[in-house]
Amino acid sequence: MKRECLNKIIFIIILLFLILPSCKAPIDSECFDYFKSLENKKFWTKNWLNVELINEENKREVILENNNPLEEMWLNFLNIEILDKNKNDLPIKAVISLISYDGLNKKNFSVKICFENRKILEEVLNNMETDEIRNERLLNEKYLKTINEGEKYLDEDKITLAIEKFLEAKNIKDTQEVNYLLDKAYYERGEYYFSIDEMEKAKDDLLKIQNDKNCMEKAKILLDKIQKSENERLARLDKNVQKSYEEFKKIYFYKHVLEDKTFEQKDISIFPYLGATETEKWFFLRLRLYRSFSLGWLFAQQIRVIIDDKSYKTPIYDTLNPNVINDIWSYGVYERIDFKDSDKEVEELVTAVINAPLGTPIKFRIYGTKYYIDYTLSKEKHLAWKDIMYYYYNILKQTVFETQET
């Protein structure tokens with residue numbers, strides 16, 4: 001009986017040895033799922049943290065400690081690796097790889113998936129930011145900083161800089177707040193352009209106002225006034241722009257009536273002069289002057305202009321240039337130069353004059369071979385410049401292309 005009982009005990013022990021390896025308890029599914037949720041996620045903090053976790057050798061290891069409080073620290077979890085499974089294909093040993101950054105150095109670790117590590121990480125990660133939350137926070141901080149900079153510029157009447165900042169903020173976050181601020185800035189700049197008779201620029205800004213009802217109502221009042229001003233300008237252009245046609249070359253020429261009137265009064269005449277065919281258009285900056293024999297030739301070569309302490313100049317055209325004409329008239333001498341718009345310096349000079357607010361002091365100096373003469377553009381002639389170049393950019397273009405399509 002005793003022997004039979006002993007045999008049974010031995011059998012049970014052998015059976016347990018055979019069964020136990022395959023019946024090791026698997027990792028708790030809830031614990032495993034928690035670590036699974038950390039895969040490929042990054043967590044950030046500037047708080048003072050010291051993190052110790054159990055590695056795959058069941059030893060405690062310092063994963064993160066603050067060595068540079070000025071820098072953010074982070075933990076970047078990678079993939080889970082299952083090291084062992086039971087016969088039911090359930091993980092009984094697994095680790096998760098991670099990279100830590102302590103503000104100075106990056107380190108790689110492999111830590112055990114277990115309840116104790118989970119408990120530590122739950123407490124640690126609860127005081128850290130995920131990539132998504134951190135990015136949103138940084139975005140908000142950048143947005144608010146940019147908005148504040150824009151409002152500061154607006155208070156200082158640096159409206160163009162304010163608009164640039166508000167547009168930058170809008171690219172970060174398109175909010176009602178920034179759209180209202182943009183409307184306010186566009187209205188203020190549009191109102192300024194209107195006050196200095198820069199109607200095209202004013203119109204361009206006022207038409208951008210689309211959100212703030214109050215700004216929209218005020219913009220409409222100014223736009224109506226601009227439309228009235230444009231109608232007046234068109235009537236003025238119809239009266240003051242002279243048109244001629246060279247039938248052999250098939251070229252239309254356009255000039256302002258003040259050009260001839262000024263020259264007839266033996267004053268210095270400097271005006272844009274337009275040309276166009278069916279397929280292209282161009283302009284010259286035409287200088288004309290008449291001088292008595294007692295004053296003699298100037299032999300003009302170059303024009304320089306000063307506007308608000310900024311200087312502009314044409315290239316030097318010598319007497320052999322085909323665009324230079326010198327002639328003798330009764331009791332005096334005649335000089336004419338057509339500076340071409342294809343010369344970048346000429347285009348810059350003309351653009352600077354027409355963009356200057358009406359009434360801005362605009363001083364010309366005409367250089368000859370031996371000496372120079374000075375000339376100041378009157379308000380009336382400044383308006384003539386603006387009108388003829390408005391015709392060039394806005395009306396002549398349409399005429400040329402309409403002719404071309406026909």
Side-chain angles (χ1 to χ4, degrees), residues 197-201 203 227 229-290 300 303 305 312 314-315 317 321-327 329 334-356 358 362 364 366 377-378 380-406:
D197 201 37
E198 292 292 331
M199 299 304 178
E200 286 303 304
K201 292 181 180 178
K203 185 177 178 180
Q227 185 60 55
S229 175
E230 286 182 350
N231 292 339
E232 291 171 353
R233 169 176 259 172
L234 291 174
R236 196 166 64 240
L237 289 172
D238 188 55
K239 177 182 176 183
N240 291 331
V241 174
Q242 291 182 340
K243 177 180 176 182
S244 59
Y245 182 62
E246 214 313 317
E247 59 182 336
F248 287 96
K249 295 181 179 180
K250 295 184 178 180
I251 298 175
Y252 289 96
F253 293 103
Y254 306 83
K255 62 182 177 181
H256 198 280
V257 293
L258 275 182
E259 180 183 331
D260 285 340
K261 185 178 177 182
T262 301
F263 183 71
E264 288 166 4
Q265 294 171 346
K266 296 193 172 46
D267 193 3
I268 296 169
S269 172
I270 307 175
F271 289 93
Y273 183 86
L274 318 181
T277 65
E278 290 185 355
T279 57
E280 60 180 333
K281 64 174 183 172
W282 62 92
F283 69 83
F284 296 110
L285 176 58
R286 173 166 285 183
L287 163 68
R288 296 168 71 191
L289 54 90
Y290 173 84
I303 296 174
V305 177
Y312 306 87
T314 67
Y317 283 24
N321 191 301
N323 283 32
V324 176
I325 295 174
N326 294 319
D327 202 358
W329 285 11
Y334 168 71
E335 299 185 43
R336 191 188 89 190
I337 304 180
D338 287 338
F339 295 98
K340 300 179 293 184
D341 71 325
S342 56
D343 289 318
K344 185 179 178 183
E345 290 174 308
V346 175
E347 185 181 14
E348 288 176 350
L349 187 153
V350 172
T351 301
V353 172
I354 65 174
N355 284 342
L358 193 63
I362 300 176
F364 287 77
I366 304 159
L377 195 66
S378 68
E380 181 188 22
K381 291 168 187 173
H382 191 187
L383 180 61
W385 274 60
K386 288 176 175 287
D387 281 350
I388 195 69
M389 292 309 294
Y390 177 88
Y391 191 91
Y392 177 77
Y393 286 116
N394 298 282
I395 298 175
L396 186 55
K397 177 181 178 181
Q398 296 170 10
T399 305
V400 170
F401 284 102
E402 282 172 7
T403 308
Q404 186 180 16
E405 288 171 2
T406 304

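The first residue of the sequence shown is numbered 1, and numbering continues consecutively from there.
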Taken in chain and number order and not counting sequence neighbours, the residues that satisfy salt bridge (Lys or Arg N to Asp or Glu O under 4.0 Å) with D267 are K381
With sequence neighbours left out, the residues meeting salt bridge (Lys or Arg N to Asp or Glu O under 4.0 Å) with E335 are none
Restricting to non-hydrogen atoms, name the atom on [X] and the atom on [Y] that form the minimum distance, rounded to 0.1 Å.
X    : Y    : answer
H382 : A356 : CE1-O, 3.3 Å
A384 : L258 : CB-CD1, 3.8 Å
D260 : K255 : OD2-NZ, 2.9 Å
L285 : P272 : CD1-N, 4.3 Å
L377 : F364 : CB-CE1, 3.8 Å

Does [X] use its side chain to pair, donor to acceptor, with the backbone of [Y] at less than 3.5 Å?
X    : Y    : value
E246 : K249 : yes
W385 : E380 : no
N321 : N323 : yes

Q. Of all residues at least two apart in sequence or in a different chain, which pass the side-chain hydrogen bond (donor to acceptor under 3.5 Å, both in side chains) check with D387?
A.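 R233, R236.
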Interatomic distance, [X] atom [atom1] to [Y] atom [atom2] [nearest 0.5 angstrom]:
X    : Y    : atom1 : atom2 : result
W282 : K340 : CH2   : NZ    : 12.5 Å
I395 : L274 : CD1   : CG    : 10.5 Å
I388 : F271 : CD1   : CZ    : 10.0 Å
H256 : R286 : NE2   : CZ    : 15.5 Å
I362 : I270 : CD1   : CD1   : 11.0 Å

* Asked: After noting the C-alpha distance and the side-chain angles of F339 and Y317, does the key distance pass the ring-ring contact (aromatic ring centres under 6.0 Å, His included) rule?
  -> CA-CA 8 Å; F339 295 98; Y317 283 24; 4.7 Å; yes
For residues [X] and [Y], determine if any side-chain heavy atom of one lies less than 4.5 Å from a side-chain heavy atom of the other.
X    : Y    : result
L358 : E198 : no
V350 : D341 : no
I268 : L287 : yes
F283 : M389 : yes
P315 : V346 : yes
T314 : L349 : yes

Ion pair present between [X] and [Y], side-chain N to carboxylate O less than 4.0 angstrom?
X    : Y    : value
R288 : E259 : yes
E200 : K386 : no
D338 : R336 : yes

What about [X] and [Y], are their ring centers closer than 6.0 Å?
X    : Y    : answer
F253 : Y273 : yes
Y254 : Y391 : yes
Y334 : F263 : yes

Can a cation-pi geometry be assigned to K281 and Y392, taking NZ or CZ under 6.0 Å from the six-membered ring centre and within 45° of the ring axis?
->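 Positive - K281 is close enough to the ring of Y392 and near enough to its axis.
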